[in-house]
Every structure is written in C-alpha cells, then in structure tokens.
Amino acid sequence: MQFHFSPTAGSNGWTTGFTLAGIWTQDFGAKRDISHLVDCTYLYHSARELQWHLADRFGLRADAVKLTSLC
C-alpha cells in the first residue's frame, strides 16, 4: 500500500524526529486523506518507524507499506 506524508520537524528540528502535517493514499488518481486514522502528533524518529506504525495500524506486513515524503 502506498502512503504519502508531509512531515513537520520536531521541537528541536529534524534531529529529534518529525510529526505528521498530513498523510494520504492515492489510488487510481483519487487522493484520500487518512490523517484522522493516525496520531499526527506522535514524534516519529524515522520514516521506517512510521512504516511499521502504518503496517500495524492497517494490518499489513511492513514490507508491503511504501512511503513517499513530501518535505
């Protein structure tokens, strides 16, 4: 499953991690905002951590989650 996200730097800049400004999927040209389905205030330490959280949230294998960052 392909996810696109827009990160926001943590309180000490990018060295501490990021929160989500928004996250969405795009299927067949239709963009679906899924920000309401995840905690956008959580401080992720890496894109890999976000990948694992999304896999757990949507019942997928971690390698089935593809991420694209728009920063």
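This chain uses plain numbering: 1 for the first residue, then up along the sequence.
Shortest non-hydrogen contact noted between S35 and C40 is O-SG, 3.6 Å. Across all non-hydrogen atoms, the minimal contact from A47 to F5 is CB-CZ, 4.4 Å. Pairing each heavy atom of L20 with each of T8, the nearest pair is C-OG1, 4.4 Å.
Considering only residues two or more places apart in sequence or on other chains, H53 meets the ring-ring contact (aromatic ring centres under 6.0 Å, His included) condition with Y42, Y44. Remark: Q2 pairs with H4, K66, T68 by the side-chain contact (heavy atoms from CB on, under 4.5 Å) rule, at least two apart or across chains. Every ring-ring contact (aromatic ring centres under 6.0 Å, His included) that F58 has, sequence neighbours left out, goes to F3.
Here L37 contributes atom CG and T25 contributes atom OG1; the two are 9.5 Å apart, rounded to the nearest 0.5 Å. Distance check, rounded to the nearest 0.5 Å: CD1 of I23 to CG of L70 gives 10.5 Å.
The list of salt bridge (charged side-chain N to carboxylate O under 4.0 Å, His left out) pairs with a residue in residues 51-62, not counting sequence neighbours, reads R61-D63. The list of salt bridge (charged side-chain N to carboxylate O under 4.0 Å, His left out) pairs with a residue in residues 31-44, not counting sequence neighbours, reads D27-R32.
One hydrophobic cluster, built from ILVMFWY side chains closer than 4.5 Å, cannot hold both W52 and M1; they sit in different ones.
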